[in-house]
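Report on the structure given below.
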Amino acid sequence: MSEIQNKEDNKIYIENLWKKIGENPNDIENYRELANIYVSGEDFDSALNVYNKMLNVFENDVQALINSGSIYFYKKDFQKAVSLYLKASSLEPQNGSIFYNLGNVYAEVGNFSNALKYYTKTIELGEAKAHVYSAIGILYQDNDDLENAKINYKKAIELDSSNGEYFVYLANVYQREGDIASACENYKKALELNSKDFRASLSLANAYTSMNLHNEAFEYFKMATELAPNNYSAWVCFAIALSDAGDSEKAMELYKHAIEIDPAKPNAYILLANILINEKRYNEAINLYNSAVKLVPKDEARGRGILYVFIANAYMLLEDTHNAIVYYRKALREVPENNEVRLIYVEIMSEYIKRKVQAV
């Protein structure tokens with residue numbers, strides 16, 4: 001059967017369900033089936049429409065409250081999600097999964113105390129499952145409490161040692177603490193569980209890079225870029241590692257590839273330009289810095305100011321004082337509080353004026 005025919009049949013089936021709901025609004029199963037069809041097709045607005053009609057008739061249907069709350073959570077309408085989850089919890093106060101959902105909402109908006117309260121309530125109600133401890137671990141990690149983050153990730157692993165994601169989370173904490181050996185051990189466990197875990201392979205590559213173990217790092221960078229060939233960050237990190245290892249030519253090649261993948265991100269332009277500066281290819285570097293400037297968001301004055309300084313420095317290396325002054329001045333407009341740039345600008349400007357006077 002063709003895809004067009006399937007779509008037509010599905011459309012007819014949906015129309016029939018709506019007709020059934022109109023004819024018999026007290027049959028709850030028609031609402032459930034119709035909402036499930038919309039959710040499976042990721043038509044969340046239509047699914048909400050069904051749930052709203054369903055709740056007009058069955059106002060205390062807990063599953064409809066939870067499902068619609070989850071859609072509002074997905075749509076980032078957190079206030080509405082909370083109100084629906086709270087109503088569901090009042091109807092089923094022993095349902096731990098509702099409190100877990102509430103914890104997720106408060107974690108998303110950065111309310112640590114409420115998030116922890118609801119995650120803890122979930123556990124108290126007998127939902128002491130791995131994903132709950134993992135969520136608590138993320139909550140602590142986001143609040144820089146790495147010790148409690150580790151405790152909860154380890155508890156998640158005790159309950160479910162088959163989920164590589166928990167090992168990645170634990171490894172991230174070890175890496176932040178500077179315990180690179182423990183980080184690598186856990187990234188490797190994640191890869192043993194899932195050889196296609198992109199995050200684990202890229203994180204492992206970066207960890208080896210931080211230890212100057214370049215051959216090991218390159219092995220995992222190759223794995224990461226094979227698993228996600230269009231991932232901008234993987235190519236940029238790989239290029240940085242190559243540059244650190246002294247292979248500037250290969251690094252430049254990868255930076256150019258990263259730019260091809262996502263020409264709207266400035267990082268690869270800047271890092272490629274930095275290499276060109278080291279190779280005394282100043283004009284090429286200036287062109288790349290200027291390309292990066294155009295990509296910096298309007299509200300990021302500091303980032304733009306730094307790039308203007310880079311451009312000014314490149315012009316100084318070209319002994320083009322006039323253009324160097326122009327770009328130091330631009331940098332000061334973006335970051336007027338930067339005294340270092342101000343001192344350089346004043347010094348160069350004074351020398352420039354002195355030479356002009358002497359020339360006359």
Q | Derivation and outcome, side chain to side chain contact (heavy atoms under 4.5 Å, CB included), residues M211 and E216 | A | CA-CA 10 Å; M211 294 188 290; E216 291 86 347; over 6 Å; no
- Message: Pair M223, L191 - check side chain to side chain contact (heavy atoms under 4.5 Å, CB included), show working.
- Response: CA-CA 11 Å; M223 179 186 295; L191 280 171; 4.2 Å; yes
Evaluate K11 against E15 for side chain to side chain contact (heavy atoms under 4.5 Å, CB included), listing each step before the verdict. CA-CA 6 Å; K11 181 181 177 182; E15 289 173 353; 3.5 Å; yes
query = Is there a side chain to side chain contact (heavy atoms under 4.5 Å, CB included) between N231 and T225 once you walk through the steps?
reply = CA-CA 7 Å; N231 186 282; T225 52; over 6 Å; no
(message) Test side-chain hydrogen bond (donor to acceptor under 3.5 Å, both in side chains) on N274 and Y289; report intermediate values, then the result.
(response) CA-CA 9 Å; N274 290 346; Y289 287 138; 2.5 Å; yes
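In summary, K188 and E185 do not engage in a salt bridge, as defined by a charged side-chain N under 4.0 Å from a carboxylate O. In summary, K75 and D45 engage in a salt bridge, as defined by a charged side-chain N under 4.0 Å from a carboxylate O. Comment: E253 engages K250 in a salt bridge, judged by a side-chain N to carboxylate O separation of less than 4.0 angstrom. At a threshold of 4.0 Å, the pair R32-D27 does not count as salt-bridged, since none of the basic side-chain nitrogens sits closer than that to a carboxylate oxygen.
Annotation: side chain of L318 is in contact with side chain of I286 (closest heavy-atom distance under 4.5 Å). For the pair E249 and E279, the minimum side-chain heavy-atom distance is below 4.5 Å. Between N172 and Q141 the shortest side-chain heavy-atom distance falls below 4.5 Å. You'll find the side chain of N186 stays beyond 4.5 Å of the side chain of V168, heavy atoms only. Annotation: side chain of Y31 is in contact with side chain of P25 (closest heavy-atom distance under 4.5 Å). With a 4.5 Å cut-off on side-chain heavy atoms, I66 and L84 do not count as touching. Taking 4.5 Å as the limit, every side-chain heavy atom of F310 sits out of range of all side-chain heavy atoms of I277. For the pair W18 and N30, the minimum side-chain heavy-atom distance is 4.5 Å or more.
Proximity of a side-chain donor or acceptor of Y269 to a complementary backbone N or O of P263 within less than 3.5 Å is detected. Using modelled atom types, one side-chain atom of N52 and one backbone atom of L48 make a donor-acceptor pair closer than 3.5 Å. A side-chain donor-acceptor contact under 3.5 Å links S210 to the backbone of A207. No side-chain donor-acceptor contact under 3.5 Å links K330 to the backbone of A312. Under the 3.5 Å distance criterion, the side-chain polar atoms of S68 are matched with a main-chain donor or acceptor of A64. No donor-acceptor pair closer than 3.5 Å links the side chain of S134 to the backbone N or O of H131. S83 contributes a side-chain N or O that, together with a main-chain N or O of K80, makes up a donor-acceptor pair within less than 3.5 Å. With D262 contributing its side chain and A258 its backbone, the two residues share no donor-acceptor pair below 3.5 Å. Formation of a donor-acceptor pair under 3.5 Å by the S182 side chain with backbone atoms of D179 is not found in this model.
Contact detail for A331 and G305: the closest heavy-atom pair is CB-O, 3.6 Å. Nearest heavy-atom pair across A149 and G137 is CB-O, 3.5 Å. When every heavy atom of I37 is checked against every heavy atom of L17, the shortest pair comes out as CD1-CD1, 3.7 Å. In plain terms, the two heavy atoms of P266 and Y232 that are nearest each other are C-OH, 4.4 Å. Annotation for Y166 and D160: closest pair CD1-O, 3.6 Å, computed over non-hydrogen atoms. Shortest non-hydrogen contact noted between T209 and A217 is OG1-CB, 3.4 Å.
Note that CD of E219 is 10.5 Å distant from OG of S201, once rounded to the nearest 0.5 Å. Considering SG of C237 and CG of L254, their distance stands at 11.5 Å, rounded to 0.5 Å. Note that OH of Y51 and OG of S46 are 12.5 Å apart. Values are rounded to the nearest 0.5 Å. Residue N56 holds its CG atom at 7.5 Å from NZ of K53, rounded to the nearest 0.5 Å. The structure places CE of M54 at 13.0 Å from CG of N49, a figure rounded to the nearest 0.5 Å. A distance of 5.0 Å separates CD1 of I180 from CD of Q175, quoted to the nearest 0.5 Å.
Linking Ile, Leu, Val, Met, Phe, Trp and Tyr whenever their side-chain heavy atoms come within less than 4.5 Å leaves Y85 and I123 in two separate clusters. Linking Ile, Leu, Val, Met, Phe, Trp and Tyr residues whenever their side-chain heavy atoms come within less than 4.5 Å places I28 and Y38 in a single cluster. Taken together through direct or relayed side-chain contacts under 4.5 Å among Ile, Leu, Val, Met, Phe, Trp and Tyr, V173 and Y187 form parts of separate hydrophobic clusters. L193 and Y174 fall within the same hydrophobic cluster, defined by Ile, Leu, Val, Met, Phe, Trp and Tyr side-chain heavy atoms under 4.5 Å apart, directly or through other members. Side-chain heavy atoms closer than 4.5 Å link hydrophobic residues (I, L, V, M, F, W, Y) into clusters, and following such links, even through other members, never connects V293 to L288.
Between the side chains of N148 and D145, at least one donor N or O lies within less than 3.5 Å of an accepting N or O. Neither side chain, S195 nor D197, offers a donor N or O lying under 3.5 Å from an acceptor on the other. With 3.5 Å as the limit, one finds no donor-acceptor pair spanning the side chains of N67 and Y72. Y328 and N313 share a side-chain donor-acceptor pair at under 3.5 Å. In summary, the side chains of N323 and D320 do present a donor paired with an acceptor at a separation below 3.5 Å, with no hydrogens or angles considered.
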What side-chain donor-acceptor pairs closer than 3.5 Å can you find for residues 91-106, not counting sequence neighbours?
unit_1 : atom_1 : unit_2 : atom_2 : d
E92    : OE1    : N95    : ND2    : 2.9
N95    : OD1    : S97    : N      : 3.1
N95    : OD1    : S97    : OG     : 2.6
N104   : OD1    : Y119   : OH     : 2.6

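In this structure, R176 places its CZ atom where more than 12 heavy-atom neighbours from other residues, nucleotides or ligands lie under 6.0 Å away. Around the OH atom of Y74, the shell of radius 6.0 Å holds no more than 12 heavy atoms that belong to other residues, nucleotides or ligands. Summarising the local packing, CD of E319 is surrounded by 12 or fewer heavy atoms from other residues, nucleotides or ligands at distances under 6.0 Å. In the displayed structure, Q79 atom CD is contacted under 6.0 Å by at most 12 heavy atoms of other residues, nucleotides or ligands.
Two rings, from Y327 and Y315, have their centers less than 6.0 Å apart. Aromatic pair F112/Y140: ring centres closer than 6.0 Å. The ring of Y153 has its center closer than 6.0 angstrom to the ring center of Y169.
Partners of F221 according to the ring-ring contact (aromatic ring centres under 6.0 Å, His included) rule, which considers only residues two or more places apart in sequence or in another chain, are F238.
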